[in-house]
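Single-structure report; data block below.
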Amino acid sequence: MSHMQRGTNLPKVGSYNRAVVLEAIQSSDGISRVRIAGMTGLTAQTVSVIVRRLLEEGLVVEDGSAPSRGGKPPTILRVDARAGYAVGVHFDPQELSCVLADLAGRPIARQRQPVRPGSRPDAVIRRMAGQARGILREAGVPDGKVLGMGLACPGPLDAAGVMVSPPRLPGWDRVPIRGLLQEYTRFPVTVDNDATAAAIGERWAGIARSTAGFAYLYLGTGIGGGLFLDNQVYRGSSLNAAEFGHITVEPDGPECYCGNRGCVEAVCCPSAIEAAMLARTGRRAGHAAICAAAASGEPEARRVIERVAERLADAAVSVVNMLDIDLLVLGGPALREVGGLYREVIARAVAERPLARGLHAVRVETSPIAADAAAIGAASLVFHATYAPRLGR
């Protein structure tokens with residue numbers, strides 16, 4: 001756990017230190033005050049003061065004691081998962097998924113509903129609000145326990161949460177999605193693009209809990225990315241960093257809507273997989289059916305998916321070379337049954353091809369929360385905005 005954020009003993013940064021301590025407790029699943037001090041570099045006294053406040057607020061509870069090496073056994077602290085909740089909504093062009101998560105990032109309730117093609121923005125946003133209300137009613141969580149609402153949606157988004165010509169959502173340009181959702185639910189709303197949200201979900205509740213730097217390759221209707229560098233989510237100057245879908249992997253490949261040729265997205269997204277299958281076999285098949293066929297070893301489907309895996313691997317090697325990270329997470333709804341196959345091909349590439357391969361191995365993992373990653377991520381956005389240590393604010 002050497003990758004933990006370090007605290008600072010300067011007086012001005014009380015809220016930062018509180019976040020550092022809370023994150024240490026949240027990511028360790030049971031920890032003593034002494035151990036927190038050791039991990040964060042804060043003095044024992046500073047840790048004591050912060051922990052006392054967290055206990056008073058009910059965010060943290062004392063939970064038994066650890067085995068002692070003589071003397072009084074240290075008390076173990078945990079985040080009280082029931083101290084607060086967040087609603088996360090993932091808006092994919094084809095479906096709305098909603099989760100209610102507790103403070104530990106665990107989904108307590110979830111719902112999905114399809115989005116009818118061509119639905120008007122206002123109607124879709126009202127349905128999100130209805131879905132959020134419904135999930136809280138069903139779980140019996142009172143409004144006072146809700147810290148806020150998180151929304152993961154396709155980018156690009158501006159800083160105020162307004163969508164700016166999202167390529168797969170004609171008719172959504174300049175829709176103030178954050179403001180409208182806030183108006184309809186009366187909860188504070190935090191918004192981010194779906195891939196960044198999924199990365200935050202992975203950091204809060206998945207396999208990247210104690211990893212300082214990782215990249216998230218997000219496979220949905222389109223292909224996106226999320227990025228944590230030195231324990232901070234990295235969003236870029238217009239909040240749209242890590243667009244891994246727009247790395248060129250086939251210089252003479254098909255044109256992409258972004259203006260490039262042969263982008264990962266143009267070659268690897270579900271609609272491109274369907275088109276490749278049609279070109280190979282003359283048969284029309286949906287993405288889900290192609291993935292299922294490839295997983296069961298059907299040769300044509302297998303070839304199409306393997307080729308996609310190789311193009312994803314090309315992009316992954318570029319990402320690893322560029323960022324020098326330790327972990328690459330694959331997630332998102334389009335992983336379906338082929339996640340294992342993608343992982344294998346990408347893991348082999350990042351073991352054999354990056355420049356720094358002799359210095360460190362890069363793990364490639366499939367997200368354990370893949371299908372719900374963006375919705376859990378959306379809920380985690382709320383916790384992250386409330387509690388994650390950030391100095392730059």
Residues [X], [Y]: salt bridge by 4.0 Å N-O rule:
| X | Y | result |
| --- | --- | --- |
| Asp372 | Arg110 | yes |
| Arg303 | Glu300 | yes |
| Glu306 | Arg302 | yes |
| Asp192 | Arg235 | yes |
| Glu57 | Arg52 | no |
| Arg168 | Glu265 | yes |
| Arg112 | Asp92 | no |

Within the supplied structure, the quantity of interest is the number of heavy atoms (other residues, nucleotides, ligands) at a distance under 6.0 Å from [X] [atom1]; does it exceed 12?
| X | atom1 | value |
| --- | --- | --- |
| Arg116 | CZ | no |
| Arg261 | CZ | yes |
| Tyr184 | OH | yes |
| Glu250 | CD | yes |

Would [X] and [Y] count as having a side-chain donor-acceptor pair, cut-off 3.5 Å?
| X | Y | answer |
| --- | --- | --- |
| Glu202 | Ser367 | yes |
| Asn193 | Tyr218 | no |
| Arg203 | Asn231 | yes |

Set out, in order, the CA-CA distance, both residues' side-chain angles and the distance that settles salt bridge (charged side-chain N to carboxylate O under 4.0 Å, His left out) for Arg127 and Asp122, then state yes or no. CA-CA 9 Å; Arg127 281 188 50 207; Asp122 194 66; over 6 Å; no
Co-membership, hydrophobic cluster, residues [X] and [Y], 4.5 Å side-chain:
| X | Y | result |
| --- | --- | --- |
| Leu157 | Ile200 | no |
| Val249 | Leu341 | yes |
| Val79 | Val47 | yes |
| Ile325 | Leu330 | yes |
| Val264 | Val364 | yes |

Can you tell if the side chain of [X] reaches within under 4.5 Å of the side chain of [Y], non-hydrogen atoms only?
| X | Y | answer |
| --- | --- | --- |
| Val89 | Ser97 | no |
| Asp63 | Leu77 | no |
| Arg53 | Arg18 | yes |
| Val162 | Ile177 | no |
| Val146 | Val141 | yes |

Step by step, work out the side-chain contact (heavy atoms from CB on, under 4.5 Å) result for Phe187 and Gln182. CA-CA 6 Å; Phe187 288 124; Gln182 202 156 276; over 6 Å; no
Are the side chain of [X] and the backbone N or O of [Y] linked by a donor-acceptor pair below 3.5 Å?
| X | Y | value |
| --- | --- | --- |
| Glu274 | His287 | yes |
| Thr211 | Phe214 | no |
| Ser119 | Val115 | no |
| Ser32 | Arg35 | yes |
| Glu298 | Ala301 | yes |

Pairs meeting criterion ring pair (Phe, Tyr, Trp, His ring centres under 6.0 Å) with involvement of residues 317-365, two or more places apart: none
Point-to-point distance, once rounded to the nearest 0.5 Å, from [atom1] of [X] to [atom2] of [Y]:
| X | Y | atom1 | atom2 | value |
| --- | --- | --- | --- | --- |
| Arg82 | Lys145 | CZ | NZ | 7.5 Å |
| Trp172 | Cys153 | CH2 | SG | 8.0 Å |
| Thr366 | Ile346 | OG1 | CD1 | 8.5 Å |
| Asn321 | Arg357 | CG | CZ | 9.0 Å |
| His246 | Tyr257 | NE2 | OH | 3.5 Å |
| Leu328 | Asp326 | CG | CG | 11.5 Å |

Closest approach of [X] to [Y] (non-hydrogen atoms, all atoms of both residues):
| X | Y | answer |
| --- | --- | --- |
| His90 | Ala375 | CB-N, 3.8 Å |
| Ala313 | Ala349 | CB-CB, 3.7 Å |
| Ala83 | Leu103 | CB-CD2, 4.2 Å |

Does Val317 form a side-chain contact (heavy atoms from CB on, under 4.5 Å) with Val319? I'd like the steps, not just the answer. CA-CA 5 Å; Val317 169; Val319 167; over 6 Å; no
Walk me through whether Asp314 and Arg353 qualify under salt bridge (charged side-chain N to carboxylate O under 4.0 Å, His left out). CA-CA 9 Å; Asp314 291 339; Arg353 288 157 51 190; 2.9 Å; yes
Tyr216/Thr196 under side-chain contact (heavy atoms from CB on, under 4.5 Å): CA gap, chis, key distance, verdict: CA-CA 8 Å; Tyr216 192 105; Thr196 299; over 6 Å; no
So if I apply the side-chain contact (heavy atoms from CB on, under 4.5 Å) rule between Arg178 and each of Asp158, Val189, Ile125, which one comes out positive? Val189
Test side-chain contact (heavy atoms from CB on, under 4.5 Å), reference Ile36, set Leu42, Val20, Val21, Leu22, output is Val21
Would Ile76 and Glu62 count as a side-chain contact (heavy atoms from CB on, under 4.5 Å) here? Give the steps. CA-CA 6 Å; Ile76 291 298; Glu62 292 186 327; over 6 Å; no
